[in-house]
Chemist: 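Mind having a look at this structure? Questions to follow.
Sequential numbering from 1 along the given sequence is applied to the chain's residues. Start at 1 and go down the list; that is how both ligands and their atoms are numbered.
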Amino acid sequence: MKILVTGGAGFIGSAVVRRAVAQGHAVVNVDCLTYAACLDNVASVAGSPLYAFEQANICDAPAIARIFATHRPDAVMHLAAESHVDRSIDGPGAFIETNVKGTFVMLEAARAHWQAMGRPEGFRFHHISTDEVFGSLGPEGKFTEDTPYDPRSPYSASKAASDHLVRAWHETYGLPVVLTNCSNNYGPFHFPEKLIPVVILNALHGRPIPVYGQGLNVRDWLFVEDHADALLLALQKGRVGRSYNIGGENEARNIDLVRTICALLDEARPGNHPYADQITFVTDRPGHDARYAIDPSRIREELGWRPSVTLEEGLRRTVAWYLANEDWWRPLLARKGVGERLGKG
Ligand SMILES: NC(=O)c1ccc[n+]([C@@H]2O[C@H](COP(=O)([O-])OP(=O)(O)OC[C@H]3O[C@@H](n4cnc5c(N)ncnc54)[C@H](O)[C@@H]3O)[C@@H](O)[C@H]2O)c1
């Protein structure tokens, strides 16, 4: 299958690109290379005859139409997005532009391509979204695919809007779509502005390890390579028009997660004090959602997927990867906004 992947130079998109090529699929990676992109993420497949790269903005309709006409993909996996909640608080405009308008442009280009090809049944537009569209949970319960949408940040509101567009293009035009909403990802190649890499790198640099509020917010962590497998499965086996929640079944409070990472670093690269001494509580994020948790029953029962990596194992692998890959993360620390406290409101 030839898959057009948007956002393939980002964290999750690059994991999808690497995995898709390993499975023998041809991949066209469409990415405009924002501050969050890194082509090194796909260096391992860049020389493959199965891989092509197109630098383009998903809001640029003529460029996207040209890419569809040139490559004639059998499927689209749409991951390109502005993805950092704190940046969405400081500058929501870019989130509306890329996540809403960009998704609209992708849908229209995919629809024109699908219609021009004679509406093949096997064509798919797979939209990759987040559990943040469902809002915030109390101490009990989990998000199912039927949980009403209740986004609370500019990021999650823009993703919710994009999900609605995708469903509308299915209902109105018959475009064969599949949606997935997943929990927080982590693992190798995670951009160093997100919680887990921030903890690892601040610890190593002897800097304060910032924890928002009291660190009591709960997230359901998913190892990125498990997510890439689930996405490729949903693309190929998911029912048209259906959405699937994907979660790691690994809930943890932020403070416990941070302490676990510190303990792993104490083991792997002992310093002259426990890294947990560097933990510093900072002002909470405005509108910080208390808890996310995914009920992944549908993808487990219909598609037979379940996560293969526990949180402890995944964190161990992630810490080891950052320790071994300083050449990857060091240049990224110089990018605009990285290492600064963003999104105080
Ligand atoms: N990271 C998570 O924990 C998580 C969880 C659930 C869902 N998601 C969703 O998964 C997708 C990928 O997330 P990620 O963490 O890999 O994001 P990321 O920020 O690491 O990567 C996004 C990629 O999209 C590209 N991009 C951004 N705007 C673009 C535009 N206008 N045109 C073309 N390319 C553009 C960037 O250059 C970058 O390579 C997003 O849609 C996000 O909403 C992420």
Chemist: In terms of side-chain geometry, is the basic nitrogen of Glu171 or Arg167 positioned less than 4.0 Å from the acidic oxygen of its partner?
Modeler: no
Chemist: Check ligand 1 against Ala81 and write out every atom of the ligand that is under 4.0 Å from a heavy-atom position of the residue.
Modeler: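 Numbered from 1, ligand 1 contributes 22 (C), 24 (O), 27 (C), 40 (C), 41 (O).
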Chemist: In ligand 1, which numbered atoms sit nearer than 4.0 Å to a non-hydrogen atom of Ala56?
Modeler: 32 (N), 33 (C)
Chemist: If hydrogens are left out, which of Ile246, Leu231, Ile58 has an atom nearest to atom 32 (N) of ligand 1, that is, the closest non-hydrogen atom?
Modeler: Ile58
Chemist: Within ligand 1, which atoms have a heavy atom of Leu33 less than 4.0 Å away?
Modeler: 37 (O)
Chemist: Is Cys59 in polar range of ligand 1, meaning some N or O pair under 3.5 Å apart?
Modeler: no
Chemist: Please check if the distance between the ring centroids of Trp169 and His78 is under 6.0 Å.
Modeler: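 No, they do not, as the ring centres are separated by 6.0 Å or more.
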Chemist: If I apply the N/O under 3.5 Å rule, does Asn57 come out as touching ligand 1?
Modeler: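 Yes - when backbone and side-chain N and O of Asn57 are compared with those of ligand 1, one distance drops under 3.5 Å.
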Chemist: Could you tell me which atoms of ligand 1, counted from 1 in the order shown, lie closer than 4.0 angstrom to a heavy atom of Ser129?
Modeler: 6 (C), 7 (C)
Chemist: Pairing donors with acceptors under 3.5 angstrom, does anything connect the side chains of Asp86 and Tyr212?
Modeler: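 Asp86 vs Tyr212: donor-acceptor pair found between side chains.
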Chemist: What protein heavy atom lies closest to atom 34 (N) of ligand 1? Include the residue and the distance to one decimal.
Modeler: Cys32 N, 3.2 Å
Chemist: Go through the side-chain N and O atoms of Lys159 and Ser83 and say whether any donor and acceptor fall under 3.5 Å apart.
Modeler: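 There is no such pair between these side chains.
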Chemist: Nearest protein heavy-atom contact for atom 37 (O) of ligand 1: which residue, which atom, what distance?
Modeler: Asp31 OD1, 2.6 Å
Chemist: One thing to verify: whether Glu249 and Arg306 come together as a salt bridge, which I'm taking to mean a side-chain N less than 4.0 angstrom from a carboxylate O.
Modeler: no
Chemist: Give me the residue, atom name and distance of the protein heavy atom closest to atom 20 (O) of ligand 1.
Modeler: Phe11 N, 3.0 Å
Chemist: Could you tell me whether Glu193 and Arg335 make a salt bridge, using a distance below 4.0 angstrom between a side-chain N and a carboxylate O?
Modeler: no
Chemist: What is the nearest protein non-hydrogen atom to atom 28 (N) of ligand 1, stated with its residue, atom name and distance?
Modeler: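 Atom 28 (N) of ligand 1 sits closest to the protein heavy atom Thr98 CG2, 3.5 Å.
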Chemist: With a distance cut-off below 6.0 Å to the six-membered ring centre and an angular limit of 45° from the axis, does Arg219 pair with Tyr186 as a cation-pi contact?
Modeler: no
Chemist: Does an N or O from Cys182, backbone or side chain, lie closer than 3.5 Å to an N or O of ligand 1?
Modeler: no
Chemist: Any N or O of Val30 that comes nearer than 3.5 Å to an N or O of ligand 1?
Modeler: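 No: no nitrogen or oxygen of Val30 is under 3.5 Å from one in ligand 1.
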Chemist: What protein heavy atom is closest to atom 16 (O) of ligand 1, reported as residue, atom name and distance in Å?
Modeler: Ile12 N, 2.7 Å
Chemist: Do Leu79 and ligand 1 have an N or O pair less than 3.5 Å apart?
Modeler: yes
Chemist: Going by distance only, is there an N or O of His190 that falls short of 3.5 Å from an N or O of ligand 1?
Modeler: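 So ligand 1 has no N or O lying under 3.5 Å from an N or O of His190.
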Chemist: Give the atoms of ligand 1, by number and element, whose distance to some non-hydrogen atom of Ala37 is under 4.0 Å.
Modeler: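 Atoms satisfying the 4.0 Å criterion: 37 (O), 39 (O).
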Chemist: Does any donor atom in the side chain of Asp163 or Asn181 lie under 3.5 Å from an acceptor atom in the other side chain?
Modeler: yes
Chemist: Distance to 0.1 Å, residue and atom name: give those for the protein heavy atom nearest to atom 5 (C) of ligand 1.
Modeler: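 I find the closest protein heavy atom is Ser183 O, 3.5 Å.
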Chemist: For residues Tyr149 and His164, establish whether the separation of their ring centroids is below 6.0 Å.
Modeler: yes
Chemist: Decide whether an N or O pair under 3.5 Å exists between His78 and ligand 1.
Modeler: no
Chemist: State the atoms of ligand 1, each with its element, that fall below the 4.0 Å cut-off from a heavy-atom position in Ile128.
Modeler: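 Taking each heavy atom of Ile128 in turn, ligand 1 has 10 (O), 41 (O) under 4.0 Å.
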Chemist: Between Asp226 and Ser308, does any side-chain donor sit less than 3.5 Å from a side-chain acceptor?
Modeler: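 Ser308 and Asp226 do have a side-chain donor-acceptor pair below 3.5 Å.
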Chemist: Give the numbers and elements of all ligand 1 atoms closer than 4.0 Å to a heavy atom of Tyr155.
Modeler: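 Ligand 1 atoms under the 4.0 Å threshold to Tyr155: 8 (N), 42 (C), 43 (O).
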Chemist: Could you check whether His273 and Asp277, counting side-chain N and O atoms only, form a donor-acceptor pair closer than 3.5 Å?
Modeler: no
Chemist: Any nitrogen or oxygen of Asp131, main chain or side chain, under 3.5 Å from a nitrogen or oxygen of ligand 1?
Modeler: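 So ligand 1 has no N or O lying under 3.5 Å from an N or O of Asp131.
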Chemist: Does the gap between the ring centers of Phe191 and Tyr35 come in under 6.0 Å?
Modeler: yes
Chemist: Report the nearest protein non-hydrogen atom to atom 17 (O) of ligand 1: residue, atom name, distance rounded to 0.1 Å.
Modeler: Ser83 OG, 3.3 Å
Chemist: Any salt bridge linking Glu132 with Arg152? Criterion: basic side-chain nitrogen under 4.0 Å from a carboxylate oxygen.
Modeler: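 Looking at Arg152 together with Glu132, the answer is no, because their closest N to O distance does not fall below 4.0 Å.
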Chemist: For Thr144 and Asp146, which I'm curious about, is there any donor-acceptor pair between the side chains at under 3.5 Å?
Modeler: no
Chemist: Among all protein heavy atoms in this structure, tell me which lies nearest to atom 21 (O) of ligand 1, with the distance rounded to 0.1 Å.
Modeler: Gly10 CA, 3.4 Å
Chemist: Give the atom numbers and elements of ligand 1 that come within less than 4.0 Å of a heavy atom of Asn184.
Modeler: 3 (O)
Chemist: Determine whether the side chains of His126 and Thr180 contain a donor N or O and an acceptor N or O closer than 3.5 Å.
Modeler: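 Side-chain D/A pair, His126 to Thr180: present.
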